[in-house]
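The sequence lines fix the lettering, A, B, ..., with proteins before strands; numbering per chain opens at 1.
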2 protein chains.
Amino acid sequence: MLSTRLGTIKGVHVRSHVRSDGRITGHIPVSPPTLADVAELAGVSRQTVSNAVNNPDLLRADTLERVRRAIEDLGYSPNRAARNLRTRTSSLIGMRFAPAQEGTANAAIDRFVHSLVEASEVAGYHVLLFPGDDLDPVRGYDDLLRSTAVDAFVVTDTWLGNPQAAWLTDQRAPFVAFGRPWDDPGATHPWVDVDGAAGIRLATEHLFDQGHTRIAWIGWRKDSPLGEDRRSGWSTTMHAHGLPTTGLASRVEDTVQSGAEAAAVLLDESAPTAFVCASDTLAMGVLHTLWIRQLAPGRDIAVVGFDDSQVAQVFPGGLTSVRQPLEQAAVEVVKALEALLTHQPVENPGVLLKPTLALRGSSVV
Amino acid sequence: MLSTRLGTIKGVHVRSHVRSDGRITGHIPVSPPTLADVAELAGVSRQTVSNAVNNPDLLRADTLERVRRAIEDLGYSPNRAARNLRTRTSSLIGMRFAPAQEGTANAAIDRFVHSLVEASEVAGYHVLLFPGDDLDPVRGYDDLLRSTAVDAFVVTDTWLGNPQAAWLTDQRAPFVAFGRPWDDPGATHPWVDVDGAAGIRLATEHLFDQGHTRIAWIGWRKDSPLGEDRRSGWSTTMHAHGLPTTGLASRVEDTVQSGAEAAAVLLDESAPTAFVCASDTLAMGVLHTLWIRQLAPGRDIAVVGFDDSQVAQVFPGGLTSVRQPLEQAAVEVVKALEALLTHQPVENPGVLLKPTLALRGSSVV
DNA sequence: GTGAAAGCGCTAACAC
DNA sequence: GTGTTAGCGCTTTCAC
């Protein structure tokens, strides 16, 4: 049996092995083993090796076994670039990864990426991250698309007025959105989203169950459909129980400071006993105001956030928060991606997932 | 001028354009424009187009301009797979992205990835994420390496006993570590790290400046060189000021619960007035204990964490924390990667960066 | 400065 | 079931 060792010297692949082309190489820079090397060692044609890798069912059991052994012995792995060139695929999913938001509790996208990496692996994909360009939001997409560097995109920033989804649709580029097409109900691209309104309904019901009747809402500005959707979860639940909402809602920027200020005003003017917030960031603002006023979260005033961030989890006493099933979302995104890339008929372009409520000390005595 | 529109229909690229091979295609599935298409339109050979893209200096100004215009008109972008195959490079940097840690404040890796994506872009690289395999820690690396899917790796989990760095070195695979080779001082691979001891010295000095003399340490178990390094920052500073350390140190698991318990014990037995912690997670544990005991962070007891996590930033009053310069670390990692991949002589395999201290209410009155 | 030829490693199509 | 042929799109020689 040929003894072969693979590796790279200063970035150049080397191998000590008698090559298929007859050259004898002892740690002289050469390529990793190719299909041809495996074919020669196994005594079959290159195509048979290819079939052994991609369509094993086509081979006779003994041939397959022989080829498998040769692959094992040589440590062969198909060259990605060659396969990509030939099949016009890359097994890569592109996703724009915007800079981290500091000073907030927002990290849902990071958690989503973790899940996406895991879910993609199962489907044979890897995740390629690319940065955004503030001046030209489609630049990164355009570059990757035209150089056929990725098979598809996952788009996560689906806010109002974001041109990416429309642009990708226009380019007929395969993509799945994590987030509903808020600004375009007629959009036909596949998407996966979490039902924020349902999450806030859970939160509000929970507070009602705890005996609260004056439940305040702190959310985002009116031009955020996502924020308005979450807000509707609060208002519907309040109305369903015949509870007042007047003077109990506030719409602010998504910062701790804004949340703190909104909470102070609401406490002074409307005396709520509980707060439901559109984000953990805003909820931390509320907790900040409670801290200043020496009010105990959970005991004096209840607070619920949204996203079940690390902040919610490690805050002393804990912050009750709506948790998005991001692992599940990633799985659904990959599922949609696979359907898209195998040209399966799109039955259901939109998948809406139900969040859960992580109960902690800020809302339970 | 030829009018050309690019796109994909159901994932297949189409173009309405008279092809270089003479076929007239009107939204019939074909490939995106190739070098040959550009060459034809510009009236030059394919190699000249290649040169225009990769070695523009070789062309005469007018030729270059003509080719550039053709590239622009066709919306040409070199096919990545073809280029990768030919050049045996991928412009991809692989990094293992382990599942997110919940229930902790740890998110430094996420922040690092954000920075890495930005820094890589500048050098013409993209970041490819792959999941870990608990049963076989080198599997993901091995697969990508043998299929020549990435040019290099960034290794972030350099804890004791981690086989990846040694394995990659053995495979002669190009990689840069974010984190020192704690277990192998003789390691020759490039690495970038943050001086944790210096960070903790900053923190301890700060507390000393605030008038504290009984400063406790809560760190990790002794088998963590990273933890012991940070701990040394505390002990050296204490000794330098002639302050006692006996009974003021605790080594525990990196969880909120452990931090809380350690703080309770230390408070009962050694009456410290300040805590320095190896992580924000442990610091949150301390804050939890203070909360239970109705002690005010900053006023009654000072607390400093490590990592300047979102948690530290949004905690009411704020948690003072050592901040790692992760943006800078990413830049240094990419720099080392470029040197490695262009076979520049490695002058300085290790880069140690200085952290800063983010001052907040938990340590300042 | 520009062009012609070759080939990277793989798989689709077809022959046997 | 296996082998042969061709070619994906690019860059690297080497002529001219």
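- Checked against side chain to side chain contact (heavy atoms under 4.5 Å, CB included), B:E121 has the following partners two or more places apart in sequence or in another chain: A:P131, A:R139, B:H126.
- When atom types are taken as modelled, the side chain of A:H114 and the backbone of A:D110 share a donor-acceptor pair closer than 3.5 angstrom.
- Computed from coordinates, the A:I71 CD1 to C:dC10 C1' distance equals 13 Å when rounded to whole Å.
- Residue B:N54 contributes atom CG, which lies 13 Å from atom P of D:dT13 at whole-angstrom precision.
- A salt bridge is defined here as a Lys NZ or Arg NE, NH1 or NH2 lying under 4.0 Å from an Asp or Glu carboxylate O, and B:E65 with B:R69 meets this definition.
- Note on A:R88: every side-chain N or O is 4.0 Å or more away from OP1 and OP2 of C:dT11.
- In this structure, A:S120 contributes its side chain and A:L116 its backbone to a donor-acceptor pair below 3.5 Å.
- Put simply, A:N79 has no side-chain N or O that comes within less than 4.0 Å of OP1 or OP2 on C:dC8.
- If you take CG of A:L85 and P of C:dT11, they are 11 Å apart, rounded to a whole angstrom.
- Along DNA chain D, the nucleotide closest to B:N55 and the one closest to B:A81 are compared, and the more 5′ of them pairs with B:A81.
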Inset, instruction - Going 5' to 3' through nucleotides 2-7 of chain D, assign each nucleotide B (protein heavy atom under 4.0 Å from a base atom), S (under 4.0 Å only from sugar-phosphate atoms) or - (no protein heavy atom that close). - result: SBB-BB

Inset, instruction - Go through B:F175 and B:Y141 one step at a time and tell me if the ring pair (Phe, Tyr, Trp, His ring centres under 6.0 Å) criterion holds. - result: CA-CA 11 Å; B:F175 76 102; B:Y141 292 93; 8.5 Å; no

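- Taking atom CG of residue B:L35 and atom C1' of nucleotide C:dG7, one finds them 15 Å apart after rounding to whole Å.
- Judged purely by distance below 3.5 Å, without hydrogens or angles, the side chains of B:T148 and A:N79 pair a donor atom with an acceptor atom.
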